[in-house]
2 protein chains.
Amino acid sequence: MTDTDPSQIKGFNRARERAARALLEDYVEMIADLTAEFGEARITEIAARLGVAHPTATKAVARLKREGLAVSRPYRGVFLTETGEALADQVRERHRTVVALLRAVGVPEEVAEIDAEGIEHHVSSRTLEAFEAFLASKAGK
Amino acid sequence: MTDTDPSQIKGFNRARERAARALLEDYVEMIADLTAEFGEARITEIAARLGVAHPTATKAVARLKREGLAVSRPYRGVFLTETGEALADQVRERHRTVVALLRAVGVPEEVAEIDAEGIEHHVSSRTLEAFEAFLASKAGK
DNA sequence: CGAATCTTGTAGCCAAGGCTACATTTCGCA
DNA sequence: TGCGAAATGTAGCCTTGGCTACAAGATTCG
Ligand SMILES: [Mn+2]
Ligand SMILES: [Mn+2]
Ligand SMILES: [Mn+2]
Ligand SMILES: [Mn+2]
């Protein structure tokens, strides 16, 4: 049997790690959006916008709190910690870049938004840099 | 409260659906690769290449069988059904296109391979078409 | 001010996808 | 040929992320 290619394993492992973080990232981004819009993020609103039942959102927020990304008290809104805010900023920026890249290579706007919601979580910092450079060079075409 | 944007919900729902299919797609592709190389795909080899413990691979293969994508008998190799083969072809082609697109916008080869392993599962057919068109136009530059 | 309504919490179910430990079958080779 | 090693199966545990049903707190309004 041929030797197993370690870089391929790396790809699968990375993909699994990133998939596990994807949900956290979307919640953090959503909480940031709602806080900007309403001054706080309510569980019901988070759940509605993510398209899940409210206990699902409650559980996810519990995980965010456990990981130090958010805080909340019973029957009150959810807020991001500084760590959470930093993550939200990063995630939002990456989201924008991914959508822009997709648009730049000819993906229709609506499709780009939908696909980016999944793709974004698998874009590494190296790839993000490449996207930014590509967009910059195209801007100054 | 402002009305919840339904297209955003659509994005999150699609991302979740695609994430759920990602594993199946990687297993099917791997089984196709191993079958091409050795004439059959053994559980141990599948597990080794995906970087998981063998019972994890066994469970995943059970799911493939349940969904009509593969067949196998105890202590023997795993084989794809026609449906499984068709999926494998499609997945492999998409993988290649995603890597090529990443390379084309300046992502280093090794990084492209790793990131593509996750990104590929979130690329819709519309986006794939756009990627192909972009690559074709660039080829005939 | 109190009752209805809205929001949030909690309990408990399920499937998927990881794992380790151990049992069983197959296979290769002395 | 038979025995030890390798491969595979099975049991059982954990976490995540869905869900419904129901309990309880908070708000709104007549
Ligand atoms: Mn997302
Ligand atoms: Mn996003
Ligand atoms: Mn993949
Ligand atoms: Mn792939």
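Residue numbers start from 1 in every chain, and the chains themselves are labelled A, B, ... in the order their sequence lines are given, proteins ahead of strands.
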> Can you name the residues that form a side-chain hydrogen bond (donor to acceptor under 3.5 Å, both in side chains) with E117(A), not counting sequence neighbours?
Replying inline: none
Pairwise N/O distances under 3.5 Å, protein to nucleotides 2-6 of chain D:
none

> Between dT7(C) atom P and I46(A) atom CD1, what is the distance in whole Å?
Replying inline: 14 Å
>> S125(A): which residues meet the side-chain hydrogen bond (donor to acceptor under 3.5 Å, both in side chains) condition with it, sequence neighbours left out?
In response: none
> If you measure from the Lys or Arg side-chain nitrogens to the Asp or Glu carboxylate oxygens, is any gap between R49(A) and E45(A) under 4.0 Å?
Replying inline: yes
> Quick one: stems for DNA chain D, with Watson-Crick or G-U pairs under 3.5 Å, at least three in a row?
Replying inline: C:1-30 with D:1-30
> Less than 4.0 Å between a side-chain N and a carboxylate O, is that true for R126(B) and D115(A)?
Replying inline: no
>> Show every ring pair (Phe, Tyr, Trp, His ring centres under 6.0 Å) that has at least one partner inside residues 103-128 of chain A, sequence neighbours left out.
In response: H122(A)-H122(B)
> Could you give the CG-to-C1' distance, from L50(B) to dG18(C), as a whole number of Å?
Replying inline: 13 Å
>> Let's see if you get this right: which residues in residues 11-24 of chain A place a heavy atom under 4.0 Å from DNA chain D?
In response: A20(A), L23(A)
> Is the aromatic ring centre of H54(A) closer than 5.5 Å to the centre of the six-membered base ring of dT7(C), with the two planes inclined by less than 30°?
Replying inline: no
>> Just to verify, what does K10(B) make a side-chain hydrogen bond (donor to acceptor under 3.5 Å, both in side chains) with, not counting sequence neighbours?
In response: none
> Which ones in residues 60-81 of chain A lie close to DNA chain C, meaning a heavy atom under 4.0 Å from one of its atoms?
Replying inline: P74(A), Y75(A)
> Is the phosphate of dC19(D), meaning OP1 or OP2, less than 4.0 Å from a side-chain N or O of T56(A)?
Replying inline: yes
> Can you check whether Y27(B) reaches R63(B) side chain to side chain, under 4.5 Å on heavy atoms?
Replying inline: no
> Cluster partners of V98(B), using ILVMFWY side-chain heavy atoms under 4.5 angstrom, listed by chain and number?
Replying inline: V98(A), L101(A), L102(A), V105(A), V107(A), V111(A), I119(A), V123(A), L128(A), F131(A), F134(A), L101(B), L102(B), V105(B), V107(B), V111(B), I119(B), V123(B), L128(B), F131(B), F134(B)
> Do the side chains of H54(B) and T58(B) get nearer than 4.5 Å, heavy atoms only?
Replying inline: yes
>> Can you identify which nucleotide, out of dG18(C), dA7(D), dC19(D), has its nearest atom closest to the T44(B) side chain?
In response: dA7(D)
>> Using the salt bridge (charged side-chain N to carboxylate O under 4.0 Å, His left out) criterion, which residues pair with E93(B)? Sequence neighbours excluded.
In response: R96(B)
> Which residue pairs pass the side-chain hydrogen bond (donor to acceptor under 3.5 Å, both in side chains) test when at least one of the two sits in residues 72-90 of chain A, sequence neighbours left out?
Replying inline: K65(A)-S72(A)
> Does I9(A) sit in a hydrophobic cluster with other residues, and if so which ones, taking ILVMFWY side chains as linked at heavy-atom separations under 4.5 Å, directly or through other members?
Replying inline: none
>> Within this structure, what is the CZ-OG1 distance for the pair R94(A) and T97(A), rounded to the nearest 0.5 Å?
In response: 9.5 Å
> Which residue, K59(B) or R42(B), contacts DNA chain D at a nucleotide closer to its 5' end, judged by nearest heavy atom?
Replying inline: R42(B)
